[in-house]
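Notes follow the structure.
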Amino acid sequence: MRYAAIDIGSNSTRMLAAEVVPGSPLVTLAADREVTRLGLSVFRDGRLSNQAIENIERLLSKMAENCRKLDVARVRAVATSAVRDASNQAEFLARASLALGAPVEIITGREEARLIHQGVMSRWPQPAKRVLLVDIGGGSAEIIGSEDGRLLDAASKQLGALRLQEMFLHGDPPAERELHQMTEFVDEKLEAAISRLGLRWDRAIATSSTAAAVVCAVNRVSRSRRDQADRLRASTAQIRKLYRTLAALDVVGRRKIAGIGPRRAEIIVAGAGTLLRILERFHVSAVFYSAAGVRDGIIADMAARGVGGELARLSRDQRKEVERVATRFGAAIGRARRVAAFAHLLFERIQPLHQLPLLWGKLLEAACYFSETGHYINDSGHHKHAYYIAANVDLFGFTTREREFIAILCRYHRKAMPSPAHPEYQALPAEERRPLLLLIPLLRLADNLARNPDQEAVELTSCEIQPSRVVLKLRSPREPDLAEWAASRVSDVFEEVYGRTVVVTHERE
């Protein structure tokens with residue numbers, strides 16, 4: 001499944017598009033980030049300026065176009081601290097949602113913390129550890145306690161780097177008095193969080209651009225190599241030394257430090273000072289940087305909830321209709337449902353190979369109900385009879401082209417593969433021939449996996465894509481001999497289309 005996440009922060013706006021396949025690492029399809037300084041007008045005037053909103057509209061339109069090109073199943077866009085505080089947030093949400101073509105929502109600080117936690121743990125699990133997570137954004141800082149991968153508690157404080165820069169640091173370099181006032185403010189805001197979360201931690205992990213810049217500067221990692229900073233460590237003593245250096249320099253001097261970009265240099269003193277104070281107050285001796293954040297959490301959350309999966313499934317009305325028509329022509333609905341369930345899993349798990357839009361999953365599911373209807377006319381050549389039935393029946397809820405594609409997919413659910421000599425295949429639009437070839441092996445495989453007489457007890461538990469083969473693992477009370485044998489018969493066709501053989505294995509319940 002392909003998802004996109006957009007994080008509209010106080011300092012920058014980020015987009016991540018990724019493909020999620022159960023049991024496999026997340027694959028990044030596209031990533032984008034732009035410094036937008038959305039919070040600047042809010043922290044000064046209490047409202048988002050028209051210029052700031054126009055900049056976000058332009059950026060969201062560009063991101064929306066990228067998402068369309070990648071054919072993502074769902075886009076979730078969230079706005080955080082600056083928009084939470086803006087008096088004209090309703091106007092912003094309306095304009096931003098229109099530009100994106102999808103709803104933009106404001107999330108609370110605690111929801112932001114939950115997503116940060118989920119994002120980090122999805123990328124870098126922390127079993128059997130008490131972990132303090134720190135995310136210093138432009139408008140707020142989220143401080144999160146985690147144990148054995150579970151979120152214990154979280155606090156969201158108005159300690160973002162851009163906000164504190166606007167509130168306290170007006171000189172360049174900032175005056176000692178300004179730095180002292182900022183530190184006292186940070187200490188005051190941290191008191192309740194320290195009381196709630198405690199001081200015993202096995203590890204501290206920091207996320208966001210402030211943490212990236214600080215850890216890169218400590219480890220002398222250039223900004224162009226920031227991707228290599230993930231999971232790098234910086235001690236609190238090293239960060240303290242860096243902070244003192246940064247506070248003594250003007251912005252020109254700060255820009256010369258490796259790892260700190262030109263725009264980040266403008267607010268890094270506030271960000272580094274806040275990170276240092278959090279580590280000191282929580283008695284943490286070092287911190288690791290994680291490149292994960294809100295966007296990763298959004299994608300992990302959508303994947304865990306199966307968001308968008310319905311786009312590859314028949315709607316309730318469509319399923320009711322195909323079952324009605326299939327029953328009319330003698331199909332065994334119980335078996336057809338099992339074939340459809342296997343087909344859906346295969347379509348989902350083999351998506352990295354076929355890369356088809358989700359719509360094709362619906363048509364594959366429909367074909368599962370019609371593939372055996374040809375027996376109603378004659379057992380001999382029943383695949384051709386199934387084509388005739390599906391192509392000519394009055395099927396509510398499908399376009400003419402969809403119905404014709406379902407029919408031709410049924411035509412090839414057994415026997416020969418498509419050939420230019422077949423008039424049905426010749427009549428198929430050129431843009432539908434590739435999807436047809438990619439779906440035929442999945443329909444045949446699903447049909448064969450459902451051949452066991454005791455099929456309701458057989459479950460497809462995993463589908464592992466390897467360089468030369470695809471390994472399917474079945475679970476059942478006893479050996480599903482017939483299903484394994486039947487599935488092996490599809491291996492040649494599968495290899496012809498996908499360049500990989502199919503291997504079926506079994507594990508007992």
Side-chain angles (χ1 to χ4, degrees), residues 3-16 31 33 35-39 42-43 48 56 60 74-86 89 92-93 96-97 100 102-124 131-146 149-164 186 189-190 192-193 196-197 204-212 267 270-271 274-275 278 289-305 307:
Y3 298 112
I6 297 174
D7 172 15
I8 305 171
S10 302
N11 185 62
S12 60
T13 297
R14 300 173 171 89
M15 185 273 283
L16 174 66
R33 175 181 177 271
V35 175
T36 50
R37 294 281 200 264
L38 189 63
V42 178
F43 305 148
L48 295 156
I56 292 292
L60 292 180
R74 280 287 187 276
V75 179
R76 185 183 181 193
V78 302
T80 56
S81 182
V83 183
R84 284 198 291 264
D85 294 351
Q89 59 180 229
F92 172 82
L93 292 178
S97 298
L100 182 62
V104 175
E105 60 181 301
I106 300 173
I107 56 173
T108 66
R110 287 183 65 81
E111 172 65 2
E112 186 176 356
R114 184 187 75 85
L115 292 172
I116 292 165
H117 178 268
Q118 192 161 356
V120 172
M121 294 303 157
S122 70
R123 291 266 297 267
W124 191 14
V131 179
L132 182 72
L133 294 173
V134 181
D135 182 284
I136 299 172
S140 66
E142 277 61 52
I143 305 168
I144 306 150
S146 175
R150 294 176 294 104
L151 191 151
L152 296 174
D153 201 353
S156 179
K157 301 296 179 180
Q158 292 186 329
L159 297 175
L162 183 61
R163 185 190 296 270
L164 295 180
V186 172
K189 292 291 185 182
L190 290 178
R196 281 168 49 188
L197 294 170
I205 298 175
T207 69
S208 81
S209 295
T210 286
I267 61 173
T274 303
L275 176 60
I278 291 172
Y289 167 66
S290 172
V294 169
R295 295 171 302 164
D296 304 84
I298 290 173
I299 287 175
D301 188 59
M302 288 195 290
R305 292 187 289 113
V307 172

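Values in this document were obtained by computation on a predicted structure and should not be read as measured data.
By the side-chain hydrogen bond (donor to acceptor under 3.5 Å, both in side chains) test, Arg150 pairs with no residue at all, sequence neighbours left out. Evaluation of the salt bridge (Lys or Arg N to Asp or Glu O under 4.0 Å) rule for Asp296 yields Arg123 as partners, not counting sequence neighbours. Checked against salt bridge (Lys or Arg N to Asp or Glu O under 4.0 Å), Arg163 has the following partners two or more places apart in sequence or in another chain: Asp85. In this view, Arg33 satisfies the salt bridge (Lys or Arg N to Asp or Glu O under 4.0 Å) rule with no residue, not counting sequence neighbours. In this view, Arg114 and Glu111, Asp301 satisfy the salt bridge (Lys or Arg N to Asp or Glu O under 4.0 Å) rule, not counting sequence neighbours. Ser12 pairs by the side-chain hydrogen bond (donor to acceptor under 3.5 Å, both in side chains) definition with Arg14, not counting sequence neighbours.
A distance of 5.0 Å separates CG of Leu115 from CD1 of Ile107, quoted to the nearest 0.5 Å. Note: Leu133 CG to Asp135 CG = 9.0 Å, rounded to the nearest 0.5 Å. Note: Leu164 CG to Thr274 OG1 = 4.5 Å, rounded to the nearest 0.5 Å. Atoms CD1 and CG, on Ile144 and Leu151 in that order, are 6.5 Å from each other to the nearest 0.5 Å. Note that CD of Gln158 and OG of Ser10 are 9.5 Å apart. Values are rounded to the nearest 0.5 Å. For the atom pair CG of Leu16 and CD1 of Ile298, the computed distance is 9.0 Å after rounding to the nearest 0.5 Å.
Pairing each heavy atom of Phe92 with each of Ala79, the nearest pair is CE2-CB, 4.3 Å. Nearest heavy atoms, Ile267 versus Ala161: O-CB, 3.9 Å. Of all heavy-atom pairs between Phe43 and Gly138, the closest is CE1-O, 3.9 Å. When all heavy atoms of Ser97 and Val104 are compared, the pair lying nearest together is OG-N, 3.0 Å. The two residues His117 and Gly149 come nearest to each other via the heavy atoms CE1-O, 3.2 Å. For Gly9 against Leu38, the heavy-atom pair with the smallest separation is O-CB, 3.7 Å.
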Check step by step if side chain to side chain contact (heavy atoms under 4.5 Å, CB included) holds for Ile56 and Leu48.
CA-CA 11 Å; Ile56 292 292; Leu48 295 156; over 6 Å; no

From CA spacing to verdict: side chain to side chain contact (heavy atoms under 4.5 Å, CB included), Ile278, Lys157:
CA-CA 11 Å; Ile278 291 172; Lys157 301 296 179 180; over 6 Å; no

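Between the side chain of Arg295 and the main chain of Ala4, no donor-acceptor pair closer than 3.5 Å is present. Listed for the Gln89 side chain is a donor-acceptor partner under 3.5 Å among the backbone atoms of Arg84. Using modelled atom types, no side-chain atom of Ser208 and backbone atom of Gly137 make a donor-acceptor pair closer than 3.5 Å.
Between Ile8 and Leu60, some side-chain heavy-atom pair lies under the 4.5 Å cut-off. With a 4.5 Å cut-off on side-chain heavy atoms, Val134 and Ile136 count as touching. Counting heavy atoms from C-beta outward, Arg37 and Asn11 have side chains that approach closer than 4.5 Å.
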